[in-house]
Amino acid sequence: MKRAPDHVIHTMGWPLPKDAFGGSWIYPMADDLISLGLVVGLDYRQHSLDAHVLLQKLKEHPLVASLLEGGELLEWGAKTIPEGGYYSLPDRLYGNGLLIVGDAAGFVDVPSLKGVHYAVQSGIFAARTIFEALKNDDTSLSGLSGYDAAVRDSFVGKDLYKTRNMRLAFKSGLYGGGVKAAIMSATKGALLGGRIDVPADADEPREVTAPAEFTPDGERTVGKLDAVFRSGNATRDDIPSHLIVSEDVPPDVADLYAHMCPAGVYERDGNRLVVNAPNCIDCKATDVLGPRWTPREGGSGPAYKRM
Ligand SMILES: Cc1cc2nc3c(=O)[nH]c(=O)nc-3n(C[C@H](O)[C@H](O)[C@H](O)COP(=O)(O)OP(=O)(O)OC[C@H]3O[C@@H](n4cnc5c(N)ncnc54)[C@H](O)[C@@H]3O)c2cc1C
Ligand code: SF4
């Protein structure tokens with residue numbers, strides 16, 4: 001039997017390390033257009049794991065490289081998916097004059113990482129609740145409380161309950177998690193139903209590791225700054241920083257932020273953390289693992305056309 005050359009042998013989960021949760025996608029968008037991407041759980045262990053670099057590595061896989069041959073990078077972007085599932089939902093989905101819908105509430109189907117249908121349905125419930133509240137002239141906490149039960153009693157709440165441990169099961173690794181997830185799917189969540197207790201992503205212990213070697217070729221693979229340019233980032237260079245960063249960030253944590261951010265916002269300069277806030281493309285990974293993200297002036301950030 002003919003053996004494939006070593007560089008095309010990849011284990012399941014590649015290019016992610018074994019202890020990281022995630023996967024990749026290739027969607028045909030038109031005859032001459034594909035969408036290529038990589039998902040990485042923010043509870044990864046290696047402090048130098050860099051999702052942007054891993055995506056570039058993926059492009060070097062012979063299968064992917066053959067699809068990209070002669071092509072051009074039209075757009076690039078990044079976004080955090082709230083994939084904590086049922087146990088990450090807010091206790092209350094309403095407040096005085098406010099309702100939480102879609103991704104903001106964490107309505108994402110964990111096994112498929114899809115949330116458009118939940119965003120639409122929760123939006124419908126929110127619109128109905130607001131309409132009634134306005135008619136009753138009561139947009140207070142109690143006037144809006146019906147929204148909570150509407151969502152939780154619908155397929156949104158029921159689906160999320162069935163898959164409540166799906167993501168948490170992968171804390172025991174890809175293969176162990178896969179087996180547990182299969183049992184949960186087959187029994188619609190009846191088996192392995194007890195809550196799997198896990199730390200918040202920001203509390204996950206990290207291991208200090210050497211960064212992967214990577215030099216972009218500027219064509220198929222790109223560095224972070226070229227990538228940000230492809231997001232159509234429209235933030236002015238002198239905008240006040242919208243990132244709330246501790247004064248005293250230890251060097252290893254500065255490295256963690258630098259690798260975590262796909263847009264090159266954070267850099268370690270000696271023992272100092274440098275923050276290039278205008279580069280931010282609002283993916284919000286920061287809000288999970290590090291400095292707080294806050295909204296900026298209108299018109300800032302990426303100007304996605306296809307994403
Ligand atoms: C890479 C990727 C692939 C996905 N693939 C699928 C898929 O195939 N199928 C599927 O069903 N789901 C998919 N999802 C999930 C899906 O995109 C989300 O669940 C869904 O878009 C959530 O809708 P939303 O309206 O709640 O939030 P969003 O679509 O995120 O919309 C929120 C909007 O609010 C704007 N905004 C944020 N802050 C402010 C502010 N301060 N002021 C004004 N505007 C603001 C944002 O710019 C954004 O336009 C994917 C997600 C990602 C990241
Ligand atoms: S600073 Fe934070 S929100 Fe902005 S691009 Fe980097 S990781 Fe994403």
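Heavy-atom basis, side chains included; hydrogens, waters and symmetry copies ignored. Just so you know, ligand 1 is whichever comes first in the structure, and atom 1 is the first atom listed for that ligand.
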request  = Could you please tell me which protein N, O or S atoms lie under 2.8 Å from atom 2 (Fe) of ligand 2?
outcome  = Thr286 OG1
message = Suppose clustering is done on Ile, Leu, Val, Met, Phe, Trp and Tyr with side-chain heavy atoms closer than 4.5 Å. Which residues sit in the same group as Leu98?
response = Ile100
inquiry  = Less than 3.5 Å apart, any donor N or O on the side chain of Asp148 or Ser145 sitting next to an acceptor on the other?
reply    = no
request  = Report all protein residues having a heavy-atom distance below 4.0 Å to some atom of ligand 1; order the list by chain, then number.
outcome  = Trp25, Tyr27, Lys79, Ile81, Gly102, Asp103, Leu113, Lys114, Gly115, Val116, Ala119, Pro295
request  = Answer yes if Val116 and Val151 sit in the same cluster of Ile, Leu, Val, Met, Phe, Trp and Tyr residues linked by side chain heavy atoms under 4.5 Å apart, and no otherwise.
outcome  = no
ask   = So do Tyr44 and Phe21 actually touch side chain to side chain, heavy atoms under 4.5 Å?
value = no
message = Let me confirm one number: the OH-CH2 distance from Tyr304 to Trp76, rounded to the nearest 0.5 Å.
response = 6.0 Å
inquiry  = With side-chain hydrogen bond (donor to acceptor under 3.5 Å, both in side chains) as the rule and sequence neighbours excluded, what pairs involving residues 25-36 come up?
reply    = Trp25-Ser35
inquiry  = Is any side-chain heavy atom of Tyr266 closer than 4.5 Å to one of Val275?
reply    = yes
query = Does Asp252 pair with Arg206 as a salt bridge, N-O distance under 4.0 Å?
reply = no
ask   = Is there a side-chain contact between Pro295 and His242 (heavy atoms, below 4.5 Å)?
value = no
message = Between Lys135 and Glu132, does any side-chain N to carboxylate O distance fall below 4.0 Å?
response = yes
remark   = the protein heavy atom lying closest to atom 5 (S) of ligand 2 turns out to be Ile281 N, 3.4 Å
